[in-house]
Protein chains: 2
Amino acid sequence: MADVRTPVSTAVYDALRADILGGRLAVGDGIPSERTLSERHAVNRHAVREAVKRLQQAGLVQVSQGGATRVLDWSRTGGLELLTDLPGAGDIGAVRAGYELRACLAAEIAVRSAQRADDDARDHLRARAAGLIAARQAGDDATLLKAYRELWDVLVDASRNIAYRLAYNSLLAGEDTLRAAAIVFLRDELHDAGTTEALIGAVLDGDQDAARAAATMLTARTLRALTLTEAAAP
Amino acid sequence: MADVRTPVSTAVYDALRADILGGRLAVGDGIPSERTLSERHAVNRHAVREAVKRLQQAGLVQVSQGGATRVLDWSRTGGLELLTDLPGAGDIGAVRAGYELRACLAAEIAVRSAQRADDDARDHLRARAAGLIAARQAGDDATLLKAYRELWDVLVDASRNIAYRLAYNSLLAGEDTLRAAAIVFLRDELHDAGTTEALIGAVLDGDQDAARAAATMLTARTLRALTLTEAAAP
DNA sequence: AGAAATTTGTTCGTATGTATT
DNA sequence: CAATACATACGAACAAATTTC
């Protein structure tokens, strides 16, 4: 079994990011110097530099030549890509936050798809609709989830909004680690074949109101499951 | 005149990112080797490595030891933080995309704020409301825009959703370059004092429906201005 | 299948500009 | 002003993985 060897700079980056996002390095604090970090992690200074550059890009630190590299307030300077990197990304609170964002995105994606889908997008949508029906025959949730995600992928494209696409990408990044949990919460949504068909039909008909209603209905099921879980285990 | 010296690795990063986002490096292509790039930009290979690591983190390339570093399809692998980095970020289409996302976020932020704002958040909100009224007295749009942004900043916190906060951060990143344009499109929204007051009141009252309606009304003004501009100059 | 060439990964060392004290 | 600490940058070399012949 070939172990996936992570580059040393990535190891340093992950460690520092976890320290910052986890609050072990307080905002305004200076992180250890490059030399100190290179000794502590037993790596060369160049590797540390690569890691710090990435921290800088992620909006987690501010480096200044001559002075200490300071920790920024990531809740102010961080971008959406941090969502799946949060130390408590698997916690119910963060998961709910992500699904609430998805819900609000989904409704708007449905509306814009109904408004803007061209012939090409409609063809893609019909193909995915057929794939979804086939997946329902298979019976297992993993196959169904895959087909359902592909359906939304086509809808995102059909909405013709690059911001929706990029936000959608950010939400799905690193979802592999949460796939098991996702299937649990998405279960009702996945098996609501009627509303899904209604959504597809509304988009194909160009009925924006119906598309929004169907998308809202679908995501509401998942949000409800999350709220119940959150209330049960706080 | 002290020129703002950008680190060499950042210069390489910017150049490569522009080539990828601009389509001059096609998806699936291999980018030049580290040695080639270091010669071409007349910098050390370590600087190139830092730049490539950042490209990798941004989801723009996939590097593999021994093989070529390949360009990924950023519309699939990129996150929301790319929105303000796009070569056509100032183009009307990308601006509209960003404001459509903001509109859908704003409505949900308003609803969740009305639902979840605690006493502390309400105090902050009242303070910002007063600041907004003071800014209206000043008369100039720049001051008003600043106060308006601070209002929404408080609302984002009040909504108690980390995903909303991070997405909001991503949308505002690099807005400095677009501030002049932003004031133009936001003008109607900024000067709609009545609806803004209604939004604040609804949140303080915990009236989710009224909060959503007010937020939708506000953002609709800006979307309308954008649509008119887009139709006029395609 | 195997060897050579290419490319990224990593480490050593060295020098310089800048901010803090 | 001087000393110190820090980030910035360059150069050379070897290791490890992939591609190519």
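So that the names make sense, note that chain A is the first sequence line, chain B the second, and so on, each numbered from 1. Atoms considered below: every heavy atom in the structure, side chains included; atoms not considered: hydrogens, waters and symmetry mates.
- Residues satisfying the side chain to side chain contact (heavy atoms under 4.5 Å, CB included) criterion with A/Ala167, sequence neighbours excluded, are A/Leu80, A/Leu105, B/Leu80, B/Leu101.
- Taking the side chain to side chain donor-acceptor pair (under 3.5 Å) definition, one finds that A/Glu81 meets it with nothing, sequence neighbours left out.
- Chain A approaches DNA chain D over the interval D/dC6 to D/dA17, counting the first and last nucleotide 5' to 3' with an atom under 4.0 Å from its heavy atoms.
- Residues meeting the ring pair (Phe, Tyr, Trp, His ring centres under 6.0 Å) test with A/His41, sequence neighbours left out: none.
- Using cut-offs of 30° and 60° on the angle between ring planes, the pair B/Tyr99 and B/Phe185 is perpendicular.
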Return the polar atom pairs (N/O with N/O) between nucleotides 10-12 of chain C and the protein under 3.5 Å, or none.
residue: C/dT10; atom: OP1; partner: A/Val8; partner atom: N; Å: 2.9
residue: C/dT10; atom: O4; partner: B/Arg45; partner atom: NH2; Å: 3.1
residue: C/dT11; atom: OP2; partner: A/Asn44; partner atom: N; Å: 3.1
residue: C/dT11; atom: O4; partner: B/His46; partner atom: NE2; Å: 3.2
residue: C/dC12; atom: N4; partner: A/His46; partner atom: NE2; Å: 3.1

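- The salt bridge (Lys or Arg N to Asp or Glu O under 4.0 Å) search around B/Arg45 returns B/Glu34, not counting sequence neighbours.
- Sorted pairs that involve residues 60-98 of chain B and meet ring-ring contact (aromatic ring centres under 6.0 Å, His included), not counting sequence neighbours, are lacking altogether.
- Looking at residues two or more places apart in sequence or on another chain, you find no salt bridge (Lys or Arg N to Asp or Glu O under 4.0 Å) involving A/Arg40.
- Looking at residues 57-74 of chain B, you'll see B/Gln65, B/Gly66, B/Gly67 sit with a heavy atom under 4.0 Å from some atom of DNA chain D.
- For A/Arg165, the salt bridge (Lys or Arg N to Asp or Glu O under 4.0 Å) test picks out A/Asp153, A/Asp157, with sequence neighbours left out.
- Applying the side chain to side chain contact (heavy atoms under 4.5 Å, CB included) criterion to A/Asp119, with sequence neighbours excluded, gives A/Arg122.
- Qualifying ring pair (Phe, Tyr, Trp, His ring centres under 6.0 Å) partners for A/His124, counting only residues two or more places apart in sequence or in other chains: none.
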